[in-house]
Amino acid sequence: MRLREWQQAMSTALADRGAPLPPLRVRGLTGARRVAVYRNNGFAAQHAALTAVYPVTQRLLGAECFTALAHRYVTDFPSQSADLRRLGRHLPGFCARRAEFAALPYLRDVARLEWAWHGAFHAVDAPVLTPAHLAGMRAETVRLHRHPACAVVVSRHPVLDIWQANQDGGDGRADLRAGAQCVLVTRPDVQVELRVLSRADAALAAAAGRGAALAAAIA
């Protein structure tokens, strides 16, 4: 068996307990037992990575439910990168498709907010536009580009209130009747900051993000 074929067989066996094992030289433990240990260690690392990115999502679901969700998620979305920081990219949409979470309609957007926080924290540094840069430019021709450490999360639910209520020391209580919130996620210095935007500001940011000229985005 060629190395690439062996690696593919091992990858399949790690993801599927019923898949045949590739040829293994073993001492003591059986090949199946060794692969099981490796499989459990691999999931533990992936589970830890997801928990680090989605602590509020975990708190909303409960630790046991989140672990079950993580098992299903890594099966459907196996890591495509050696960097586990990228593993949870599809989790918000995955939560939205789970019928068992229908009673938590805000869960997807809270997860989106956590992923945006994660992205802002790890984003590369880049120059920041200031009003002085715009002096003398025509708004009809200026097109803005989103800073790598910046995102806007638009939700029909009070996602920032829910996020804040579920931080360490929070009681987990948020007024779900508070309505929609648009949240700017940014990292102006070292710390990630979350700020509520008006719907108009969020619309301007979205239009600029689509490549509209500044004047059109303002309009």
*Assign the ring pair Y54 / W115 to parallel, tilted or perpendicular, where the plane angle (0 to 90°) is split at 30° and 60°.*
parallel
*Please name the pair of heavy atoms, one in A217 and one in A212, separated by the smallest distance, quoted to 0.1 Å.*
N-CB, 4.4 Å
_Could you check whether atom CZ of F43 has more than 12 heavy atoms from other residues, nucleotides or ligands sitting under 6.0 Å from it?_
yes
*Should L194 and L184 count as side-chain neighbours, where that means a heavy-atom distance under 4.5 Å?*
no
*asked:* Quick check against the 3.5 Å criterion: does Y73 have a side-chain atom that pairs as donor or acceptor with the backbone of L87?
replied: yes
*If you measure only the distance, is there a donor-acceptor pair under 3.5 Å linking the side chains of H147 and T186?*
no
_Heavy-atom closest contact (R187 atom, V192 atom, distance)_ = CG-N, 4.1 Å
*May I ask you to decide if V154's main-chain N or O and R112's side chain share a donor-acceptor pair within less than 3.5 Å?*
yes
*Just say parallel, tilted or perpendicular for the rings of H90 and F77, cut-offs at 30° and 60°.*
parallel
*asked:* Restricting to non-hydrogen atoms, name the atom on Q181 and the atom on L160 that form the minimum distance, rounded to 0.1 Å.
replied: OE1-N, 2.9 Å
_Using side-chain heavy atoms (C-beta onward) and a distance below 4.5 Å, is V185 in contact with C150?_
no
*Rounded to the nearest 0.5 Å, what separation is found between the CD atom of Q8 and the CE atom of M10?*
12.0 Å
*Do side-chain atoms of Q164 reach the backbone of I162 as a donor and acceptor pair under 3.5 angstrom?*
no
*Can E114 and R59 be said to form a salt bridge (charged side-chain N to carboxylate O under 4.0 Å, His left out), step by step?*
CA-CA 12 Å; E114 292 198 280; R59 183 172 180 179; over 6 Å; no
*Donor + acceptor pair across side chains of S79, Q46 (<3.5 Å)*: no
*H122 versus R85, side-chain donor and acceptor atoms under 3.5 Å*: yes
*Any side-chain heavy atom of V159 within less than 4.5 Å of one from V183?*
yes
_So does H71 get a backbone contact from the side chain of T75, meaning a donor-acceptor N/O pair under 3.5 Å?_
yes
*asked:* Quick check for you: to the nearest 0.5 Å, what is the distance between L204 atom CG and L214 atom CG?
replied: 7.0 Å
*asked:* Distance check, rounded to the nearest 0.5 Å: T67 atom OG1 versus Q58 atom CD?
replied: 6.5 Å
